[in-house]
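This report concerns only the one structure given below.
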2 protein chains.
Amino acid sequence: MTKPNARAKPSHRVPKPEAGYHHGELQEALIAASEAILAEQGAEGFTLREAARRAGVSPAAPSHHFGNAQGLLTEVAIRGYEALAGALRDAASRRQGAREKLHAQGMAYVEFALKHPGRFQMMFANKRLVADDARLAQASRAAGHEFEIIIAELVGGTAKEAKTAAAAAWSTVHGFAKLALEGKFGPLGSEAGYREIMTTLDRVLNYLWPASSARR
Amino acid sequence: MTKPNARAKPSHRVPKPEAGYHHGELQEALIAASEAILAEQGAEGFTLREAARRAGVSPAAPSHHFGNAQGLLTEVAIRGYEALAGALRDAASRRQGAREKLHAQGMAYVEFALKHPGRFQMMFANKRLVADDARLAQASRAAGHEFEIIIAELVGGTAKEAKTAAAAAWSTVHGFAKLALEGKFGPLGSEAGYREIMTTLDRVLNYLWPASSARR
DNA sequence: GATCGATCTAAACAGTGTTAAGATAGATAA
DNA sequence: TTATCTATCTTAACACTGTTTAGATCGATC
């Protein structure tokens, strides 16, 4: 306010009510803004400046809290992995029997990816994150662990076999999700398209992990 | 050369021998430059200006041939799909029996991804490509078709079952490749890491597509 | 040999992430 | 209270990016 010539634009310096100026809520505001951008524009649409804009601060402000854009996105990715782990745990808890639990987890994994494509893509965009961040690695492992718990129950064999089966399960649902997001299994926009893709996934999971009595 | 004050930097305006000035080889030079960048820096490291720089032209030159960066990358992706399809065909042709062929294709798919990570990631980065390009869609379908040929031979069932099995196979190897590239199956840098990952893949494929006599 | 169309350059524009230096405000201590 | 300190945020700049417009240049065609 020391400058005499006030700019015409009233956009800048608008301490949003919820953001609070100088009150330590900026981290949360930036994370929320980033998640909103990812939800609206996808992973490629994220920019640090836009996140700062939405939080009502200057482009340089985020650096004091997250170092750089990778730091902020790493925090977003960590929360994404936590949400994914929760969804997987939730899906398994609603079913009885290891095979049913695994099937439900697979569906939940792809459902998460399709409903939060921006966050999901960012979670696996290592080059945009602080790849060696300990908390990120931990969150990722925790999500993978949700698979391993059920797999161990299902396979019951050696540790090596369980590791192989877990890699197989994760690969399948991750690959399906990625290919679906790139439109390789049909259009995504409509609700009908979404349901058709989930039906295809259901068949894929039944094909690869048939009921114990079934054969192929 | 009309300007009197020549810049100190001799970098600009160097019509590379192979690029040829005004001789119609610029498309190829730009594609080659782009592939080199992808090989060196990965998909996130690509910039249109750097590709133009390597081809010895101004930043605006590519637009006359490819419209924009997406156009150039689309051309690169098409060639990538063609190379991938060739690798899959090649792998299958060296084996006898549908299961062996499918296994070899899976290995070849991941091998392609790990040896050309930049190209591979770009091939599946729809938002950086002209997503509705007919030739791109065709090239992608042709690569997927290599899987379907073997799957049809292996499954032998209805068309729907073959479609399901093909989606399953593609998802598995694609997911494995993506997760491996993000370091989820261990470090990638060394030759030892590469071999360990391929061994894991071998086990995964044997687990999901066991020899017809085996059970699990 | 002049015209013409394809090809490329120069220059500018609106963006981007990041950094350095300085202003500001809340907390702490006298 | 007043003064100092520290965290927080802004301003301004820098080197980039992709894209566009207008103009220069070259090879081929009439």
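The sequence lines fix the lettering, A, B, ..., with proteins before strands; numbering per chain opens at 1.
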Determine, step by step, whether B:Thr172 and A:Ser171 satisfy the side-chain hydrogen bond (donor to acceptor under 3.5 Å, both in side chains) criterion, reporting the C-alpha distance in whole Å, the side-chain angles of both residues, the deciding distance to 0.1 Å, and the verdict.
CA-CA 5 Å; B:Thr172 302; A:Ser171 293; over 6 Å; no
What is the distance, to the nearest angstrom, from the CD atom on A:Glu25 to the P atom on C:dG26?
13 Å
Would you check if the distance from the ring center of B:Tyr109 to the ring center of B:Phe176 is below 6.0 Å?
no
Using a 4.0 Å heavy-atom cut-off, does A:Ala60 contact any base of the nucleic acid, only the sugar-phosphate backbone, or nothing at all?
base
B:Ala61 side chain: which of C:dT9, C:dT18, D:dG18 is closest?
C:dT9
Measure the distance from CD on A:Gln41 to P on C:dT16 and round it to the nearest whole Å.
11 Å
If you apply the rule side-chain contact (heavy atoms from CB on, under 4.5 Å), what do you find for A:Val76 with A:Thr74, and how did you get there?
CA-CA 5 Å; A:Val76 171; A:Thr74 298; over 6 Å; no
Between CG on residue A:Leu201 and CZ on residue A:Phe185, distance to nearest 0.5 Å:
9.0 Å
Can you measure B:Phe66 atom CZ to D:dG18 atom P for me and round it to whole angstrom units?
15 Å
Expressed in angstrom and rounded to an integer, what is the separation of A:Leu72 atom CG from C:dT18 atom C1'?
14 Å
A:His65 side-chain N/O to D:dA7 phosphate OP1/OP2 under 4.0 Å
no
What contact category does A:Ala69 fall into here, base, sugar-phosphate, or nothing, at under 4.0 angstrom with non-hydrogen atoms?
sugar-phosphate
Does A:Glu196 CD have over 12 foreign heavy atoms under 6.0 Å away?
no
Whole Å only: how far is the CG atom of A:Asn68 from the P atom of D:dA15?
20 Å
Return the value, rounded to whole Å, for the distance between atom CG of B:Leu30 and atom P of C:dC8.
9 Å
Length of the line joining B:Leu48:CG and C:dC8:C1', which is rounded to integer Å
14 Å
Between P of C:dT19 and CZ of A:Arg49, the distance in whole Å
13 Å
B:Arg53 side chain N/O closer than 4.0 Å to the phosphate oxygens (OP1, OP2) of D:dT17?
yes
Assuming nearest nucleotide by heavy-atom distance, tell me which of A:Ser63 and A:Glu50 is located more 5' along DNA chain C.
A:Glu50
Residue met sooner reading DNA chain C from 5', once A:His64 and A:Thr47 are mapped to nucleotides:
A:Thr47
